[in-house]
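The chains referred to below are lettered A, B, ... by the order of the sequence lines, with proteins before strands, and numbering in each begins at 1.
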There are 2 protein chains.
Amino acid sequence: MSNENNSSKKRRNVTIMDVAQASGLSCATVSRVLSGYEFVKETTRQRVMDAVEQLGYVVNLPARSLAGGHSQIIGLLVPNLDNGYVGTIAQGIDQELARANYDSVLYTSHRHPGKESFYVITIANGLTEGLLLVAPQVVPTYLDALREQNFPYVLIDQADATENSSIVDASNWQGAYEATRYLIQLGHTQIAFITGELIVRSATDRLAGYKAALKDHDIPINDDLIFEGHFQQEDGYEITKGILERADIQPTAIFASNDLSAFGAMDAIREHGLKIPDDISILGFDDVPQASIVYPKLTTVRQPLEQMGKIAAKILLEQIEDPSRPPQRVTLATQLVIRDSCGPYPPQEGETKPLKQTGGSLLRTN
Amino acid sequence: MSNENNSSKKRRNVTIMDVAQASGLSCATVSRVLSGYEFVKETTRQRVMDAVEQLGYVVNLPARSLAGGHSQIIGLLVPNLDNGYVGTIAQGIDQELARANYDSVLYTSHRHPGKESFYVITIANGLTEGLLLVAPQVVPTYLDALREQNFPYVLIDQADATENSSIVDASNWQGAYEATRYLIQLGHTQIAFITGELIVRSATDRLAGYKAALKDHDIPINDDLIFEGHFQQEDGYEITKGILERADIQPTAIFASNDLSAFGAMDAIREHGLKIPDDISILGFDDVPQASIVYPKLTTVRQPLEQMGKIAAKILLEQIEDPSRPPQRVTLATQLVIRDSCGPYPPQEGETKPLKQTGGSLLRTN
DNA sequence: CATCGAAATGTAAGCGCTTTCAATAAATCA
DNA sequence: TGATTTATTGAAAGCGCTTACATTTCGATG
């Protein structure tokens, strides 16, 4: 009685051996049953399952993983969780994984500045069978290591300079182009642009799309209207505040490289006593959940984030199943989502609602 | 050349043995160096580290874990990621863990309805040394199992019926009480209340706080003004829509049990052509990041989510270090954050800004 | 009925690491 | 200087699982 289950030491778990013993079989057979091996007699399977049930056996993942089995777990490395962006992607990933009975384990990378590489390798070297990298912010120096180890991984929303990875992203250039064109068609010519971090591919693509649209419509590109931000709300706020205080430029619309900075811009504008979209139009990028919560609802370019997550997961799963598959790249179309934050210029009397568009990949939603 | 590193098969990782060989030491010594054992000669340590460096050795977590070592990893089980709520808590957790050089691995539970128990046990049986449960939505039937295994865990924002767990939560009752009092002091007497899921402790506490405040101010509790929701934006929208369409009740303020449903309510109100706070006041609970993004900025009760995460992590770490510690419960104070969504009743002419409050734990912010 | 291949199960060798326990080297003391 | 600690290392036994290989069972074939 005193040496059974008392002290706080050494909790002994039920192992495969215990199940084997209880069912009068070998541990190998138990293992086979547990991992769904084909050739096991039905009665045997039943015996094992009964014992499992009765003993309350639970698999020990590290052991399984060590022994070379399938952990059915993939790693998901994200920069942070404080905006809807990552959450939405994760949602899609989760859905797809669930279908394959896989689980995901999420790591945040922002903790190890400069050590991402080490971190990633550790993950790859561990429990997981594959890796999904949502890494808009870092230039991955560790991809080589992963490739060398032949470890399956998929990049989400990040181009790999070596063109050697599976990648899922969105048509950033096109999205920015169409959004800019929309503003132009509304009559705007003085369109300020708030960039993201320009080391990030998606950021430069968006900037390029913006410039291309201006050019195609014979609107000169004015570098004074382009401001470098970091995809943060704070940036959007500060930059916009700066814009409004300057006398030399008078943009009638601001196109922010992501929703977060668009929110910041909205704050600054309201604080300055101006009305959106009557006095100035705002356009974002991403279509995070908040975009339809803010007031006025934000007109923005939708990245199919959930869809991106799903597809990335799917590709990874395929890659795990057959590691010899060549890398795939999927670029999903973005879509202009017209809500209430953009108006015509010059403003129409009594009409503050945005014009309905035709053609292009537009979408009118709430 | 042809049998070195060619095929896609069997990636052999660098192991502790390789390092041992390279440095001319035993694997035991290498292990000691790697896990920071005290009594190792400095020169030896250096030899090992050099070899590690040179070979690019990376620890194999499953192996370490299997062998009984410290994985330095705790599990974080959350219902989902699609609202700022969880993200903010995770942020705090992460900060605290970083200090102790621990990592967190995040699992989402929504995938396994009815199997949470199994899921949790698997986690506990695996890689992690402890578990943080953000579980406002589920009544955990698995706590017994965890306790029995003597596995360290901390509940966040969830009361445990058995009073036997470490718990970190916020003073929901008090927060709701003070918020309601604030509305009353603004002159409101017809205050609608949108609840959360009433199986959840925090939801019932908030409801109770609301009722208590009414009672203390001699305002009759009208069950027709209390609506059962599920902490979702959709609920807030539908319920509020219903409220506005009814003729028999005319609340001048709506107190939603969380920010998300408050956002829904705001949508419905705007859709109905009313203005906030002039025509009706809205009050939320949580203070998620979006609360200060929406327009008008939401007056709400702040749960110190990040702080909660930090403290929970801290307690868990202590518990891991010394499993014999008794369970701790920490309840953090909530705080009324006055922004722009509540106005006086009857509305003052020319004054739509909220009154500045004195006394109580109020806070004026942006 | 002997024979053979597939099916079903068992045996045992690790996976990479930690951790006793034992052995050796270095340091201290009488 | 020899005895006694104490610091430092090594040898080897697992942790719980998978899996190649060996063995046994069994229905079917000729």
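Across the protein-nucleic acid pair, Asn60(B) atom CG and dG14(C) atom P stand 18 Å apart, rounded to whole Å. One interatomic measurement links the two molecules: CE of Met17(B) to C1' of dT18(C), which rounds to 14 Å at whole-angstrom precision. One interatomic measurement links the two molecules: CG of Leu127(B) to P of dG16(D), which rounds to 15 Å at whole-angstrom precision. Note: CG (Asn125(B)) to P (dG16(D)) measures 9 Å, nearest angstrom. Separating the CG atom of Leu66(B) from the C1' atom of dT19(C) is a distance of 14 Å, rounded to the nearest angstrom. Whole-Å rounding puts the Asp18(B) CG to dC15(C) C1' distance at 13 Å. Following rounding to the nearest Å, Leu25(B) (CG) and dA12(D) (P) show an atom-to-atom distance of 17 Å.
Without hydrogens or angle criteria, Glu129(B) side chain to Ser71(B) main chain gives a donor-acceptor distance under 3.5 Å. When atom types are taken as modelled, the side chain of Thr44(A) and the backbone of Thr29(A) share no donor-acceptor pair closer than 3.5 angstrom.
The closest side-chain donor-acceptor pair between Asn13(A) and Asn125(B) falls under 3.5 angstrom. A donor atom on one side chain and an acceptor atom on the other are not found under 3.5 Å apart for Gln328(B) and Gln319(B).
Taken residue by residue, residues 29-54 of chain B places heavy atoms nearer than 4.0 Å to DNA chain D at Thr29(B), Arg32(B), Phe39(B), Val40(B), Lys41(B), Thr44(B).
With distances taken from any side-chain atom of Ile16(A) to the nucleotides dT11(C), dC17(D), dC17(C), the minimum falls on dC17(D). Of the listed nucleotides (dC17(D), dG16(C), dT11(C)), dT11(C) has the atom at the smallest distance from the side chain of Ala28(A). Side-chain atoms of Ala67(B) lie closest to dC15(D) of the nucleotides dC15(D), dG10(D), dC17(D). Nearest nucleotide to the Thr15(A) side chain, out of dG16(D), dG10(D), dG10(C): dG16(D).
Between Val48(B) and Leu25(B), the closest side-chain pair of non-hydrogen atoms falls below 4.5 Å. Side-chain contact check for Tyr85(A) versus Asp157(A): some heavy-atom pair is nearer than 4.5 Å.
Note on Arg64(A): every side-chain N or O is 4.0 Å or more away from OP1 and OP2 of dG16(D).
In this structure, Gly68(B) and His70(A) both approach DNA chain D, and ranking their closest nucleotides by distance from the 5' end singles out Gly68(B).
The number of heavy-atom neighbours closer than 6.0 Å to CD of Gln21(B), taken from other residues, nucleotides and ligands shown, is 12 or below.
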Would Ser166(A) and Arg325(A) satisfy side chain to side chain donor-acceptor pair (under 3.5 Å), going step by step from the backbone distance to the final call?
CA-CA 10 Å; Ser166(A) 282; Arg325(A) 268 173 179 270; over 6 Å; no
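The terminal axes of the helix from dC1(C)-dG30(D) to dA30(C)-dT1(D), fitted over 5 pairs per end, subtend an angle of 40° to the nearest 10°.
The side-chain contact (heavy atoms from CB on, under 4.5 Å) search around Glu42(B) returns Arg45(B), Gln46(B), not counting sequence neighbours.
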